[in-house]
Engineer: 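Handing you a structure now.
Counting starts at 1 for both ligands and their atoms, in listed order. Quantities reported herein were computed from a predicted structural model and do not represent experimental measurements.
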Amino acid sequence: MPTANDHIKATLLVKNIGQLVTMAGPIPRIGDAMRDLAIIENGGVACVRNEVLAVGESDDIERSTPLALGATVIDAAGGVVTPGLIDPHTHPVFGKTREDEFEMRISGKTYQEIAAAGGGIRSSVRDLRERTADDLRERTSRRLDRLLAHGVTTIEAKSGYGLSTEAELKSLEVIRELNEQHAIDLVPTFLGAHEVPDEYRDNKDTYVDIVINEMLPQVIDRKLATFSDVFCEENVFTIDQSRRIQAAARDAGLRLRFHADELASTGGAELAAELGATTADHLIHISASGIKALAASGTVAVMLPGTSFSLGSKKYAPARRLIEAGATVSLSTDCNPGSSFSESLPMIISLAAIHMGLTAAESLACTTVNAAVAVGRETTHGQLVAGRAADLVVWDMADYRELPYHYGVNLVRQVIKNGKVVIGEVK
Ligand code: NIG
Ligand code: FE
């Protein structure tokens, strides 16, 4: 059992934890290992500043860890503690919301019909281009507040509602500033190829050239992104166009992620595996060969059941087949104004249970260690073990299996980010 060094004093102690979900053990969690959460019953966690100092049984931790002057002590009163959740796929930078389209969809129009008529992503693009960075920062910050309140302490955040050099850079600058200002960590992704903007509808290849030759070099120059993403989809970017964009991004030093096989089976997962992408996301229509390819390449399969739910579809990503094949799987909100407008990762965990057959343990593996791999933070985040980030959530439940079961309400009691309480009271 890890013991605290006597000379180091804890700045935060969480004690009397009914189930301390540490996630110690293999990274990523694959297959049956997903069900092992490395739980310590009646546990305690000591942190020093922004790092975990020690985890163990509550009494042992309390006895062996001297407290620094003014240290925060939280009595979890038998509740559950998990690592801070990680959301590996969000589109948080947008202006107006699109409830008008939601109403059209519940009365029968499809997402693709609305998009083809100039709505969808393109309507968000026209709106975002008119807004100032200040306005966008303010709106995005409120979305981050809601993610944090639901237990999320790190997200991947995409641009993609600008689709011009100026508006994409503006979006990525907003992400950079919020990463500095907000408690949540944001891992930035350049998604210049989210859609073809109005002015290039008849000239898609020219737009692809602009993404590669104008946008990408500036994104790299200003160090605005870690990842590059593309919406590889029927009527959006073809396999060839996606390959061109992502090969250029990879050569420029970015890591890759893909929107793949969301609305139709186009071979996006196979392409993601071929290019060594970190993630392939959506995968509702992934083929058998796509599943095999992801399992072989280690590309994380990020599943987004909120989109099926919100688009009123009965078809969900084949989670069980992906797990059986040995793929690394993860889960995300896909928080965006069109296909999945939610900042609640716990709600997504409920959808994953009911529609994809994931157990609570599997979903926790998806949203901690596996999500850490999906955002490239697996050496620092996603586990509560000595030396990792002091990001944790105290839940108002005695058994972690309540997480998917008790749905549609927020069961977060406290959120601790970098060793500081950022949500909830401390008595
Ligand atoms: O991940 N698939 C593409 N992008 C988003 C939808 C964006 C929107 O409708 O605004 C998604 O589902
Ligand atoms: Fe998305």
Engineer: On the 0 to 90° scale, with breaks at 30° and 60°, tag the H194-F231 ring pair as parallel, tilted or perpendicular.
Structural biologist: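 Rings of H194 and F231: tilted, 30 to 60°.
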Engineer: For E156 and T226, does a side-chain donor sit closer than 3.5 Å to a side-chain acceptor?
Structural biologist: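 No pair is found: no donor N or O on one side chain lies under 3.5 Å from an acceptor on the other.
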Engineer: Please identify which of these residues, L163, L128, L216, meets the side chain to side chain contact (heavy atoms under 4.5 Å, CB included) condition with E168.
Structural biologist: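 Only one of L163, L128, L216 forms a side chain to side chain contact (heavy atoms under 4.5 Å, CB included) with E168, namely L163.
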Engineer: Under the rule for salt bridge (Lys or Arg N to Asp or Glu O under 4.0 Å), what residues qualify as partners of E233, not counting sequence neighbours?
Structural biologist: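 For E233 there are no salt bridge (Lys or Arg N to Asp or Glu O under 4.0 Å) partners, ignoring immediate neighbours.
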Engineer: Do the side-chain N and O atoms of R35 and T359 include a donor-acceptor pair separated by under 3.5 angstrom?
Structural biologist: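 R35 vs T359: no donor-acceptor pair found between side chains.
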Engineer: Closer than 2.8 Å to the Fe ion (ligand 2), what protein N/O/S atoms do you find?
Structural biologist: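 Listed by chain and number, the nearby protein N, O or S atoms are H89 NE2, H91 NE2, H259 NE2, D334 OD1.
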Engineer: For P88 and R257, which heavy atoms make the closest approach, and how far apart are they?
Structural biologist: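 It is O-NH2, 2.9 Å.
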Engineer: I'd like a table of the close N/O pairs between ligand 1 and the protein (anything under 3.5 Å), one pair per line with both atom names and the distance.
Structural biologist:
from     : atom 1 : to   : atom 2 : distance (Å)
ligand 1 : 1 (O)  : H91  : NE2    : 3.3
ligand 1 : 1 (O)  : H259 : NE2    : 3.1
ligand 1 : 1 (O)  : H282 : NE2    : 2.9
ligand 1 : 1 (O)  : D334 : OD1    : 3.0
ligand 1 : 1 (O)  : D334 : OD2    : 2.8
ligand 1 : 2 (N)  : E262 : OE1    : 2.7
ligand 1 : 4 (N)  : H194 : NE2    : 2.8
ligand 1 : 9 (O)  : R98  : NH2    : 2.9
ligand 1 : 9 (O)  : Y111 : OH     : 2.4
ligand 1 : 10 (O) : R98  : NH1    : 2.9
ligand 1 : 10 (O) : R98  : NH2    : 3.3
ligand 1 : 10 (O) : Y161 : OH     : 2.7
ligand 1 : 12 (O) : E262 : OE2    : 3.4
ligand 1 : 12 (O) : D334 : OD2    : 2.9
ligand 1 : 12 (O) : S339 : OG     : 2.5

Engineer: Using the side chain to side chain donor-acceptor pair (under 3.5 Å) criterion, which residues pair with D100? Sequence neighbours excluded.
Structural biologist: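 With neighbours one apart ignored, the set is empty.
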Engineer: Could you tell me whether R137 and D134 make a salt bridge, using a distance below 4.0 angstrom between a side-chain N and a carboxylate O?
Structural biologist: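 A salt bridge is present here (some side-chain N lies under 4.0 Å from a carboxylate O).
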Engineer: State whether the side chain of T307 and the backbone N or O of S339 hold a donor-acceptor pair below 3.5 Å, judged by distance alone.
Structural biologist: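 Side chain of T307 to backbone of S339: no pair is present.
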